[in-house]
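Counting starts at 1 for both ligands and their atoms, in listed order. Hydrogens, waters and symmetry mates play no part in the numbers below; they use all other heavy atoms, side chains included.
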Amino acid sequence: MLLTLEQAWEKIVAHVGPSTPVRVPLAESGGAILAEDVFATIDSPPFDKSMMDGYALRTGDLQAGLSSFRVIEEVAAGQVPRQAVTTGTAIRIMTGAAIPDGADAVIQLEWTTSTGSEVRIDKGTSRGGLNILPRGQSMRSGEKLFGAGESIRAQTMAVLAETGHARPLVRRRPVVGILATGDELVDVDQTPGPGQIRNSNALMLAAQVSEAGAEPRLLGIARDQRDDLRAKILTGLDCDFLCLSGGVSAGNLDLVPSELAAAGVEAVFHKVAMKPGKPCWFGVRPPRAGKGAGYVFGLPGNPVSSMVCFELFVRLALRRWTGIDISKPQLSAARLVGAFSHRGDRQTLFPARVFAEQGVLHVQPVDWKGSADLRSTAQANCSISIPIGEVAWNDGTLVDILPWGRTLGI
Ligand SMILES: Nc1nc2c(c(=O)[nH]1)N[C@H]1C(S)=C(S)[C@@H](COP(=O)(O)OP(=O)(O)OC[C@H]3O[C@@H](n4cnc5c(N)ncnc54)[C@H](O)[C@@H]3O)O[C@H]1N2
Ligand code: MOO
């Protein structure tokens, strides 16, 4: 009995949980997922600070009709004012410097004329606080900044840097080994000989891995002979995840399941009642010294099968590993564009293009010729899920779709 898609998801959920959090240097944490809430350690800004180069003074003086001020000090960013501003005096101040006591506004340089030890204010203000960023306006010490589960983006990194979180606790981006298998494969820069084809799956999977926020590691092509396959599998098992493509169906040269078993990978499932992707294989490499468990996917060699199995299975496992607690890819409902009929003896995941129009999702099947036809899927961004049997849908029928990648921002 083949597993259903739901059962395959359940098996992945049962086996893949969040990885052990580690502290990493902030500079290396981009794209990692925070494993704990992060709190502000400081007020920001840490002092009332000037937002302009200009003169700090008392607006009350301007209101009282004063226009010339004695300049008693100059404060650059990084310096602390030594004196307080009093009636009739001003302190020349740079952007980013601390506001001196007594001052309640900074008049920008362009509104002033310097006359030696004095400054004339050409354009004044009565607005207290002008050009002053008050202490703690952007954050207060102790305030929660980020929650566990958030991904470290550029801005996150800057806030962590500002607050001195030099080694955040994260679940790092998983490393995903990619191993293509097959005697027929040649590298993309080679001209295929008789019976040969270029290895397109490896680069496709690497792009999917990157897009999923993980780190691809290309492991080359393993030939359909046990020694080569075994050696490359052993190298690949150093990764957090290993994705093989090809060699998982029923042929004599489909050595992947038996070589994975020989390498100590415990099979969890093989074969799912779906098209494309039926021979998909999943197993676990038990934890070993200094390393958590590894997760291995034997993806079917047909390009569309490999791609769709990545979207449905590997992506789910990657998300769970980084601590995102989901139990299956997110299904959405969309309105079919045009009539569509189909018959299948397995659940079919038919490539299609989803788009939003006035807030409503519409989905249009592409002209798909089957598991080897990757070309037609270049325009597709989701699968329509079609149950076993025969369907004859009218234009506008609401159907279930599984978006691929970040389509719909999911
Ligand atoms: N007797 C049976 N034969 C097949 C079955 C079955 O149940 N019984 N299942 C079929 C299904 S469904 C699929 S899907 C394929 C998957 O087979 P494998 O995973 O063993 O893949 P291969 O046989 O190695 O290759 C299939 C196909 O894909 C091409 N390929 C492989 N690797 C790449 C690559 N890196 N880049 C581009 N294209 C690749 C390969 O040349 C073949 O054309 O098995 C059916 N057979
Ligand atoms: O399931 Mo296979 O993936 O039909 O081509």
Visitor: Could you check whether the rings of F350 and W368 sit parallel, tilted or perpendicular, using 30° and 60° as the cut-offs?
Guide: perpendicular
Visitor: Side chains of E390 and S341: do they bring a donor and an acceptor to under 3.5 Å?
Guide: no
Visitor: Quick one: which ligand 1 atoms are inside 4.0 Å of a heavy atom on D254?
Guide: 20 (O)
Visitor: Between N201 and ligand 1, which part of the residue brings a heavy atom under 4.0 Å of the ligand: side chain, backbone, both or neither?
Guide: both
Visitor: Could you tell me whether the side chains of S44 and E162 share a donor-acceptor contact shorter than 3.5 Å?
Guide: yes
Visitor: Show me which atoms of ligand 1 lie under 4.0 Å from any heavy atom of G247.
Guide: 18 (P), 19 (O), 20 (O), 21 (O), 22 (P), 24 (O)
Visitor: Show me which atoms of ligand 1 lie under 4.0 Å from any heavy atom of I197.
Guide: 37 (C), 38 (N), 39 (C), 41 (O)
Visitor: Nearest heavy atom to atom 29 (C) of ligand 1 wins, so pick from C309, S305, G301.
Guide: G301
Visitor: Between W281 and F297, is a ring-ring contact (aromatic ring centres under 6.0 Å, His included) present by the stated rule, with each step listed?
Guide: CA-CA 6 Å; W281 193 99; F297 288 89; 8.9 Å; no
Visitor: Side-chain donor-acceptor pair under 3.5 Å between W9 and S327, yes or no?
Guide: no
Visitor: Starting from atom 40 (C) of ligand 1, which protein heavy atom do you reach first, and at what distance in Å?
Guide: E184 OE2, 3.0 Å
Visitor: Spell out, as yes or no, whether a donor-acceptor pair under 3.5 Å connects the side chain of Q208 to the backbone of M307.
Guide: yes
Visitor: Which atoms of ligand 1 are found less than 4.0 Å from any heavy atom of N199?
Guide: 34 (C), 35 (N), 36 (N)
Visitor: Identify the protein heavy atom lying closest to atom 8 (N) of ligand 1, giving its residue, its atom name and the separation to 0.1 Å.
Guide: A250 CB, 3.8 Å
Visitor: Does a donor on one side chain sit under 3.5 Å from an acceptor on the other, for D104 and T59?
Guide: yes
Visitor: Within a distance under 4.0 Å of any heavy atom of R198, pick out the atoms of ligand 1 and give their elements.
Guide: 36 (N), 37 (C)
Visitor: Among all protein heavy atoms in this structure, tell me which lies nearest to atom 9 (N) of ligand 1, with the distance rounded to 0.1 Å.
Guide: S249 CB, 3.8 Å
Visitor: Would you call L26 and H165 a side-chain contact if the rule is heavy atoms closer than 4.5 Å?
Guide: no
Visitor: Assess the side chains of S376 and D373: does a donor N or O sit below 3.5 Å from an acceptor N or O?
Guide: yes
Visitor: What is the closest protein heavy atom to atom 14 (S) of ligand 1, and at what distance does it sit?
Guide: N302 ND2, 3.4 Å
Visitor: Under a 4.0 Å heavy-atom cut-off, what residues line ligand 2?
Guide: M274, K275, P276, G277, K278, N302, S305, R346, S371
Visitor: For ligand 1, is P276 a contact, meaning one of its heavy atoms is under 4.0 Å away?
Guide: no
Visitor: Between D224 and T181, do the side chains contain a donor N or O and an acceptor N or O under 3.5 Å apart?
Guide: no
Visitor: Is it true that, when you exclude R288 itself, more than 12 heavy atoms of the residues, nucleotides or ligands shown sit nearer than 6.0 Å to its CZ?
Guide: yes
Visitor: Pick out which of D240, T322, T20 makes a side-chain hydrogen bond (donor to acceptor under 3.5 Å, both in side chains) with R172.
Guide: D240
Visitor: Using a strict cut-off of 4.0 Å, indicate which atoms of ligand 1 neighbour a heavy atom of K278.
Guide: 7 (O)
Visitor: As a check for students: among S245, G277, P279, identify the option with a heavy atom nearest to atom 12 (S) of ligand 1.
Guide: P279
Visitor: Are side-chain N/O atoms of R198 and T191 paired as donor and acceptor at under 3.5 Å?
Guide: no
Visitor: In the protein, which heavy atom is nearest to atom 37 (C) of ligand 1, and how far is it?
Guide: S200 OG, 3.3 Å
Visitor: Below a 4.0 angstrom heavy-atom separation, can you tell me which part of V256, side chain or backbone, both or neither, approaches ligand 1?
Guide: neither
Visitor: Side chains of D43 and S141 only: does a donor on one sit below 3.5 Å from an acceptor on the other?
Guide: no
